Enquirer: 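My questions all concern the structure below.
Letters A, B, ... are given to chains in the order of the sequence lines, protein chains preceding strands, and every chain is numbered from 1. Quantities reported herein were computed from a predicted structural model and do not represent experimental measurements.
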Number of protein chains: 2
Amino acid sequence: MKRLKLNTQRIRSCLKESHLRSTRKRECILEALLTFDRPVSAEELRDRADLPKSDLVTVYRTIEAFLGIGIVQGIPLEDGKTIYELTDPGDHHHHFVCRKCHKTERLDLCLAGELEKKARKLGFSDISHVMEVYGSCEDCN
Amino acid sequence: MKRLKLNTQRIRSCLKESHLRSTRKRECILEALLTFDRPVSAEELRDRADLPKSDLVTVYRTIEAFLGIGIVQGIPLEDGKTIYELTDPGDHHHHFVCRKCHKTERLDLCLAGELEKKARKLGFSDISHVMEVYGSCEDCN
DNA sequence: TTGTTATTGCAAGTTAATTGCATTAATGGG
DNA sequence: CCCATTAATGCAATTAACTTGCAATAACAA
């Protein structure tokens, strides 16, 4: 599959294709996302985007929109919280995540195919899955 | 590895080994756990154990204790909530979980070994992982 | 430019889960 | 069996990550 590197330009067209409006706040949040090399929480995102406290709700709604069109991926943490990262649409992968600093390493290892097959056999449909690996990274040790 | 089927007796000795006291409430919650054939939320557990509303906190603390000695396993849901099931200590496995009714099927497919190896290579230590598969079960379709 | 419709801002609500602290109960030693 | 120690419980309050409702605003297409 052809992977298109994400950038502001490309994301704008993603939004357009999905009939989502390209607004000032969204651009702002997007720019913030681009400055991170690791997944982040909604709050971190708001702060990096230099938005007022009350705009957390906009961040959540923006994330929701971005998740919807597949340019953002949510990563569930052990404690039930979620962090988010930009991702190329269709680029499915998992992560090693540091429990402490949330540094991540990409993990290109996935059982999707087998899961799908087994699920079908069991009568499950509309399958999705999570797989995340948590640990302490070198720096945090 | 030898697997000992869980029952009240065995769990009592697990508690003892771990210097946890065997109390009325814990027995009660344990009995409730034994009546389910699927993972359940803390609230369901409280209700099945016929405990008053306010005892939810005891349920959480009991679950915490049981998690600690490895006789209960938590299963993270897509929405950030967690459900719990009894499990034989050391019996590591994952699940297919129905999004709607929380029926689960055991999934004996795991990348633990490879994850461990890759993690070490990346400098991550103290590794744990989640892998859960969500879908709609036959009955809920 | 204008009308339509999505987005936002603000405030309030939801809810799973946690915490502090005083009271009670389980356990082990004598 | 009793008592001292220490863990567990009960209650009330709190946390924190989201979510929702609704009125005001801004984007977009015609």
Enquirer: Does C:dA17 have OP1 or OP2 under 4.0 Å away from a side-chain N or O of B:Thr82?
Expert: yes
Enquirer: Any side-chain N or O of A:Tyr60 below 4.0 angstrom from OP1/OP2 of D:dC18?
Expert: yes
Enquirer: Determine, for B:Asp55 against B:Lys53, whether the closest basic-nitrogen to carboxylate-oxygen distance falls under 4.0 angstrom.
Expert: no
Enquirer: Can you tell me how far the CD atom of A:Glu132 sits from the NE2 atom of A:His94, to the nearest 0.5 Å?
Expert: 7.0 Å
Enquirer: In residues 30-53 of chain A, which residues come under 4.0 Å of DNA chain C by heavy atom?
Expert: none
Enquirer: Base, backbone or nothing for each nucleotide of nucleotides 19-30 of chain C, written B, S, -, heavy atoms under 4.0 angstrom, 5' to 3'?
Expert: BB----BBSS--
Enquirer: Do A:Val40 and A:Ile29 sit in one hydrophobic cluster, given that two such residues count as connected whenever their side-chain heavy atoms are within less than 4.5 Å of each other, even indirectly?
Expert: yes
Enquirer: Consider only side-chain heavy atoms of I, L, V, M, F, W and Y, link residues closer than 4.5 Å, and tell whether B:Phe96 and B:Leu111 are in one cluster.
Expert: yes
Enquirer: What is the distance from CD of B:Glu27 to P of D:dT9, rounded to the nearest Å?
Expert: 11 Å
Enquirer: Working to the nearest 0.5 angstrom, can you tell me the gap between A:Leu109 CG and B:Leu115 CG?
Expert: 6.0 Å
Enquirer: Show, in sequence, the C-alpha distance, side-chain angles and deciding distance for A:Ser41 and A:Arg46, and conclude whether the side chain to side chain donor-acceptor pair (under 3.5 Å) test is met.
Expert: CA-CA 9 Å; A:Ser41 68; A:Arg46 177 204 53 196; over 6 Å; no
Enquirer: Closest nucleotide of DNA chain D for B:Thr58 versus for B:His19: which of these residues is on the 5' side?
Expert: B:His19
Enquirer: Taking the ring centre of each residue, are A:His102 and A:His95 less than 6.0 Å apart?
Expert: no
Enquirer: Would you kindly give the CG-to-P distance between A:Asp55 and C:dT7, to the nearest whole Å?
Expert: 15 Å
Enquirer: In the single-linkage hydrophobic clustering (I, L, V, M, F, W, Y; side-chain heavy atoms under 4.5 Å), do A:Tyr84 and A:Leu15 co-cluster?
Expert: yes
Enquirer: Which parts of residues 66-80 of chain B get close to DNA chain C, meaning a heavy atom less than 4.0 angstrom away?
Expert: none
Enquirer: Whole-Å distance between D:dA27 C1' and A:Arg12 CZ?
Expert: 13 Å
Enquirer: Starting at NE2 of B:His102 and ending at P of C:dA16, how long is that distance when rounded to a whole Å?
Expert: 11 Å
Enquirer: Decide, yes or no, whether a salt bridge links A:Arg38 with A:Glu85 under the criterion of side-chain N to carboxylate O below 4.0 Å.
Expert: no
Enquirer: Could you give the CG-to-C1' distance, from B:Leu56 to D:dT14, as a whole number of Å?
Expert: 15 Å
Enquirer: Looking at B:Ser54, does any N or O in its side chain come under 4.0 Å of the phosphate oxygens OP1/OP2 on D:dC11?
Expert: yes
Enquirer: Ignoring hydrogens, what is the shortest heavy-atom contact between A:Leu122 and B:Glu138? Give both atom names and the distance.
Expert: O-OE1, 4.2 Å
Enquirer: Using a strict 4.0 Å threshold on nitrogen-to-oxygen distance, state whether B:Asp37 and B:Lys103 make a salt bridge.
Expert: no
Enquirer: Rounding to an integer number of Å, can you tell me how far A:Lys81 NZ sits from D:dT15 P?
Expert: 14 Å
